[in-house]
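Below is one structure, written out as structure tokens; comments come after it.
What you see is a predicted model; the values in this text were computed from it and never measured. Just so we're on the same page: letters track the sequence lines, and every chain starts at 1. Note that these values count all heavy atoms, side chains included, but never hydrogens, waters or copies made by symmetry.
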There are 4 protein chains.
Amino acid sequence: MRNTEKHTHIMEKAEELFAAKGYDGTSIREIARAAHVNLAMVSYYFGSKEKLMEALFKERMSLMKLKIESLLKNENISPFQKVEILIDEYLTKVIDRQFFYKIMLCEMAQQKNKVILKFISDIKLNYANMIRGLVEEGQQKKVFKKDIDIMLLMNTMTGTVTQMILNKEVYREFNSLKKTSDSVYHTWLKKRLGDHIKKIFKTLLEYES
Amino acid sequence: MRNTEKHTHIMEKAEELFAAKGYDGTSIREIARAAHVNLAMVSYYFGSKEKLMEALFKERMSLMKLKIESLLKNENISPFQKVEILIDEYLTKVIDRQFFYKIMLCEMAQQKNKVILKFISDIKLNYANMIRGLVEEGQQKKVFKKDIDIMLLMNTMTGTVTQMILNKEVYREFNSLKKTSDSVYHTWLKKRLGDHIKKIFKTLLEYES
Amino acid sequence: MRNTEKHTHIMEKAEELFAAKGYDGTSIREIARAAHVNLAMVSYYFGSKEKLMEALFKERMSLMKLKIESLLKNENISPFQKVEILIDEYLTKVIDRQFFYKIMLCEMAQQKNKVILKFISDIKLNYANMIRGLVEEGQQKKVFKKDIDIMLLMNTMTGTVTQMILNKEVYREFNSLKKTSDSVYHTWLKKRLGDHIKKIFKTLLEYES
Amino acid sequence: MRNTEKHTHIMEKAEELFAAKGYDGTSIREIARAAHVNLAMVSYYFGSKEKLMEALFKERMSLMKLKIESLLKNENISPFQKVEILIDEYLTKVIDRQFFYKIMLCEMAQQKNKVILKFISDIKLNYANMIRGLVEEGQQKKVFKKDIDIMLLMNTMTGTVTQMILNKEVYREFNSLKKTSDSVYHTWLKKRLGDHIKKIFKTLLEYES
DNA sequence: CATGAATGAGCGTTCATTCAT
DNA sequence: CATGAATGAACGCTCATTCAT
């Protein structure tokens, strides 16, 4: 195993454990055991437990960021279509990174680590800017209404998705998809959630003559 | 201070600390110090740290439950009016109990304690039943559409509120309410959030001819 | 064993170990083992290893201080007699507290702990004041010469004693006192050292007409 | 940098750190960092931390030894002149090697490393022999008294110097030499200490008719 | 009923050292 | 010849819990 691979490997196992047991509920010993590395390696690679967490955030945050600037500037796509693409992008990221998303949620609730708070506010800003840009474009083109509360809009999307992730298994059972494979279920879930959010956004954005 | 008062006092301080630092991030010592009681008192009263947490959930859950059965049966109020009352009730509870709501959120993410999971699923069931009852009534009366995904609906409400609570201070600043008192801000927030959710619910529920 | 007795007991064992292996060379585990107490008790009683050290210094320093103010004011005793009494007092304290004296020596060399440095400078000041008072009295009475370097004088006493303590066993062997008991040897050593230092002080202080 | 230079460089940095923080208080990591060499280099060059310490002692001890045998045999210089030269030689070495002298002091107090103890007793023997030779010469020439306690004499010198080194900065301030450069102060200190010790030696050695 | 004292287990971290390259 | 990576052991300390009083 190469150096960066071990790095990645430790981080992945830490992510899993942090998601399942929380940051404070997970010991370095557990992480080392799960990653099949020596206990001292974790501090050796990351410096400390705290810095491992921060490294995880740095890594994942770069993946979570929505990089669709070119799309937003595209004049051939309508604002509503762009909204839909944005929602789909967001959903893909969150559903693919559920472990991390849970960790982030707890960090948002507790706000203990300032470095991590910065990461989180950065990504929130990233989302907000995407949405704001879109909203302004739509308003200029008279397809979106005025007086749109962007933060409420954003929180409706992120909140709904959060709750669906947290209650994922209950929802699966509720919809009799217990026997379906994870990937199939996730695809289905993404479609359903996407449609739901798009519908809400349409209502909240649509220009009323 | 009477015994039950001490009980309550310890639980309140524990709630505050669990919300701010997480269950594992909070030590019994801290709770005892914050509550100005002897360290051994906590285990003495509640048995263990885990049981203190469970006692907290038991206590708070009974407060969080929506007890509006009589209202739901009231034939003089329209389904949409009932939906609005339900949303207002929910908002009041959550905004009044933000500490506890944060704790619950982390427990939902981590799902470590089975007793607590039961409490949470109980309250979810409670909400679901309220909403289902309402939805069915509205459908019978042909004011609500068919094919309503109750869980999606519920999660949209709880999720949006969750996100707004987590980003409370950012939203406050965003709306230039930094100087407003907490209680005034919370009243304002409740109104705004309520209107927002009611609007979404209306769209998602309203019968389309 | 009573509470304060355990305190004292732990401190004594710590003193022994610190003297033999140095502060950093001694682990809390060793101290706990030597004192036959639980490892956690040390931190429980003293807060930390550092504070244990400081508590030891606080305790011992109060014993080491020369409390002979009344004697110094006594008009019926000549300055030279007072010098001799002072030297005897100092010798008694150091020979009785050799473990502690060694610890102090290393702390003086390394100057890491500021709290301890304060303790040490306090006791140095205590000695210096005793000697200065005496010297001034002797000078006024024209039995001591002028231009006496008090610090050099003091360091000659403390330094000579230090070296004799450090080379105690070599000196014992050198003087064929290997078979003598510790207490007898110490009495003998004290006499010899006392005479030596008194002689030096006499030369350095005596008024030259 | 050549190999022997690296050797020397590491040893110098180790000496500095050992003096300031003690042997156990200094980690190989710190030494490597201070010497700007790879962590593994230290063990690689010296075998172990302990052997580095011993190598340091071996190196410094050879420098500390008084090599004035030819002078001692010189018939044209009086015993008292030789005593003075001996004292000056000793002072020069100690003042030039204060870091090492502090390390040695702690090792003398703790007596943990047997190899180092041997080095220390060797140098003590070296000093003792110089002084003994001188004393015997002086006694034969009837300029020194009989019954001279060589070890007490020696410890008076080494002890006084030790204390002056340990309290160097206090003494500097006491004599208002705070603004003076280190080298000027050291020269001044050496002169003053030399005179003081020579005076004491004269008293303790001089033949009394 | 209440509590100071005590305990064994485990925490995050650092240590001196080794070894493959 | 030199070094980054790795390791087992130990570090100081805090944990939740228990128990005698």
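Using a 4.0 Å cut-off, some side-chain N or O of B:Ser27 falls inside it from OP1 or OP2 of F:dC15. Between C:Tyr44 and F:dC13 there is no side-chain N or O to OP1 or OP2 distance below 4.0 Å. Between D:Tyr45 and F:dC1, a side-chain N or O to OP1/OP2 separation shorter than 4.0 Å is absent. Taking 4.0 angstrom as the limit, D:Lys6 places none of its side-chain polar atoms (N or O) nearer than this to OP1 or OP2 of F:dA2.
For B:Ala40, counting side-chain heavy atoms from C-beta on, the closest listed nucleotide (F:dT14, F:dT18, F:dA5) is F:dT18. Considering only the side chain of B:Ile28, F:dT17 comes nearest among F:dC13, F:dT17, E:dT17. Ranking F:dC13, F:dT7, E:dT13 by closeness to the A:Met41 side chain, first place goes to F:dT7.
In this structure, a donor-acceptor pair under 3.5 Å is present between the side chains of C:Asn113 and C:Glu54.
Residue D:Phe46 contributes atom CZ, which lies 16 Å from atom C1' of E:dT17 at whole-angstrom precision. The distance from atom CD1 of B:Ile10 to atom C1' of E:dC1 is 14 Å, rounded to the nearest whole Å. Straight-line distance from the CZ atom of D:Arg33 to the C1' atom of E:dA16: 14 Å, rounded to whole Å. When rounded to the nearest whole Å, the span between CG of B:Leu39 and C1' of E:dG4 equals 10 Å. Distance CG (A:Asn38) to P (E:dC19): 15 Å, rounded to an integer number of Å. Protein atom NE2 of D:His36 is 18 Å distant from nucleotide atom C1' of F:dA2, rounded to whole Å. Between D:Glu30 atom CD and E:dT13 atom P the separation is 18 Å, expressed in whole Å. In this entry the distance linking CG of D:Asp24 with C1' of F:dG12 reads 15 Å, nearest Å.
Under a 3.5 Å cut-off, the side chain of D:Lys65 and the backbone N or O of D:Asp122 do not form any donor-acceptor pair.
Nucleotide F:dT14 is matched to E:dA9 when pairs are restricted to Watson-Crick or G-U wobble geometry with both distances under 3.5 angstrom. With a cut-off of 3.5 Å on both Watson-Crick or G-U wobble distances, the partner of F:dG4 is given as E:dC19.
How far CD1 of B:Ile103 is from CD of B:Glu16: 10.0 Å, rounded to the nearest 0.5 Å. Rounding to the nearest 0.5 Å places CE of A:Met108 at 11.5 Å from CD1 of B:Ile165.
Side-chain atoms of C:Arg29 stay outside donor-acceptor range of the base of F:dA10, with no qualifying N/O pair under 3.5 Å.
Mapping B:Glu50 and C:Lys49 onto DNA chain F by nearest heavy atom places C:Lys49 at the nucleotide closer to the 5' end.
B:Phe119 does not carry B:Lys58 over the face of its six-membered ring by the limits of under 6.0 Å from the centre and within 45° of the normal.
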